[in-house]
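Data first, discussion second: the structure below is written as structure tokens.
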Number of protein chains: 2
Amino acid sequence: MADYLPTSLARADTIAGLAKGLAVLESFDTERQRLNATMAAQRAGITRAAARRHLLTLAHLGYLESDGAYYWLAPKVLRFSGAYMATARLPRVVQPELHRLAARTGLSFSCAVRDGDFVVIVARSAVRESGDRLLAHGVHLGSRLPVHATSTGRVLLAALPDAERTAWLAGAELPRLTAHTVSDALALTAVLNDVRRLDYCLAVQEHELGIEALAVPLRDMRGNTLAALNVVTATNRMPPRELVAQMLPLLQEAARTLRPLV
Amino acid sequence: MADYLPTSLARADTIAGLAKGLAVLESFDTERQRLNATMAAQRAGITRAAARRHLLTLAHLGYLESDGAYYWLAPKVLRFSGAYMATARLPRVVQPELHRLAARTGLSFSCAVRDGDFVVIVARSAVRESGDRLLAHGVHLGSRLPVHATSTGRVLLAALPDAERTAWLAGAELPRLTAHTVSDALALTAVLNDVRRLDYCLAVQEHELGIEALAVPLRDMRGNTLAALNVVTATNRMPPRELVAQMLPLLQEAARTLRPLV
DNA sequence: TAAATTTGCGCGATGATCGCACAACAACCG
DNA sequence: CGGTTGTTGTGCGATCATCGCGCAAATTTA
């Protein structure tokens, strides 16, 4: 949804039509894959007539397909991720290292950055266990996972300046995703302090039952945290303690190797 | 450079701001990764002042990052591909089959659809040969490859109704990418007729030297060609004739298996 | 069949977007 | 070193694209 907060009033240079159109495009997500004008309007927070015009425009440009009444995402939207993946430095340098780690260990590795309340997967090397795809099988490039319940998200939150972290915590929702999710701001603060101290984060079954993950920050030479690297596995395949013992050194080494490159 | 059709602006019920904003966003590609207002303006075909406003809007919404003068794509653009991949039927059902093929053969398989002069990769299973990544290493999900010089592209062109094919050929550019690229409309017509007759396409070193690919159409139960499946390998690893002999049956079987699912 | 609800879309009013134009800055050079 | 030329940032009034109202058609419900 568009937020034109009056923080900086000089921001009159915004194209409303573009903001609305992207809000419409964003309202197609995992839950709502097919929308008509009415539904798109309420999801994007605009009027039905406006939603219709924006949907028609997006369909004409090829980003949506339509049967006349309903609209859904067209493959053309992949153009943006293709361009991002081809040009952005981060995924380009991180990807080979993730492949190396996956080949060496047989586990799945990802690299994520934060976007608001979510982390976005920008690189990933999933192991392909013939037959069973138990492991976070819905996680693609570009997947968005809640920042408070993921190892990568917490590493990225822990890297925020105190003021920013506090501000975020004040406005965050922290939904409980499993029985193990830390969904209380105070408890999460304590967790984040631990992450800062230890410089890694272990998240066991907080996002999905049976799944655990271990993340470390990826910093540049000036010490800015640019992203988080993590490894994901099933709890019944490797107990948490063993995960840390075996994988933390590998992740830290990868982060060190990548440091001059990112 | 690909001109973005001005016809879209002529159509009633189109939001000009949205069309321009997306043209601006599209002007970031592999060649031009960082743009300032002037460059974006000329690439998107709008005035500098307008480009500036649209860039600012996109940056505020989080789709672009900026240092004040230059702009580049932010990871948030992956949101669209994430949504597409999670919801679209085609990649969801095709992906596992591609993995199976790759695991069985040790070669790389893709699924592509057409978008204008390009094919868009919507699913892919690349083999990860430890160390050497000779194989079309720049091809990601969402990559766009020229339709006339790729096996998948030709399968998709061959499936067009005659009128549409002729119209496309009349306006197409057919750039020569290697010494082997068929870049003449008449010759391409002959190739496409062969593809129709054989119901597969072999493209040897037409897109990239040392690379060959074999594609078959993926049809639904009503006979509509929805996409193309292909396998890519190095010419020195498997001679063209052998590629067809060994891989064509597998691709055809995969297409048959997927037919009721797509 | 009628009533209730949803959807498609035309239309005139209005305010968002347009690009001109000028100032500030940078680069080049005679 | 000052003059000249090219580039960039952005304010401003005019204009035309966008707004959402509201009706009619389509669809659903009773």
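Below, chains carry the letters A, B, ... as their sequence lines are ordered, and counting in each starts from 1. What you are looking at is a predicted structure, and each value in this text was computed from that prediction instead of being measured.
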Ranking C:dC9, D:dT8, D:dC19 by distance to the side chain of B:Asn36, first place goes to D:dT8
Closest approach to the side chain of A:Ala50, judged atom by atom: which nucleotide of C:dG19, D:dT18, D:dG20 is it? D:dG20
Taken to the nearest whole Å, CE/B:Met39 to P/D:dG9 is 13 Å
note: B:Asp67, atom CG; D:dG9, atom P; distance rounded to Å ~ 10 Å
So which one's nearest nucleotide on DNA chain C is more toward 5', A:Gly68 or A:Leu18? A:Gly68
When the distance from CG of A:Leu55 to C1' of D:dT18 is rounded to whole Å, what number comes out? 16 Å
So, is A:Thr38 close to the C:dT7 phosphate, meaning a side-chain N or O under 4.0 Å from OP1 or OP2? yes
Give a yes or no on whether B:Arg32 atom CZ has more than 12 heavy-atom contacts from other residues, nucleotides or ligands under 6.0 Å away. no
Between B:Arg48 and C:dG19, is there a side-chain N or O to OP1/OP2 distance below 4.0 Å? no
Whole-Å distance between D:dT18 P and A:His54 NE2? 8 Å
Any side-chain N or O of A:Arg53 below 4.0 angstrom from OP1/OP2 of D:dC19? yes
Just to confirm, is there a sub-4.0 Å distance from OP1 or OP2 of C:dT17 to any side-chain nitrogen or oxygen of B:Lys20? no
Charged N to carboxylate O below 4.0 Å: is that the case for B:Arg176 and B:Asp184? no
Whole angstrom is fine here: how far is it from CG in A:Leu35 over to C1' in C:dT6? 16 Å
Strictly below 4.0 Å: does A:Arg52 bring a side-chain N or O up to OP1 or OP2 of C:dC9? yes
SB check B:Lys76 B:Glu65 (cutoff 4.0 Å): no
Salt bridge between B:Arg43 and B:Asp29, side-chain N to carboxylate O under 4.0 Å? yes
Could you tell me whether B:Arg259 and B:Asp220 make a salt bridge, using a distance below 4.0 angstrom between a side-chain N and a carboxylate O? no
Rounded distance in Å - CG (B:Leu56) to P (D:dG11): 11 Å
Which residue lies more 5' along DNA chain C, comparing A:Gly17 with A:Ala49 via nearest heavy atoms: A:Ala49
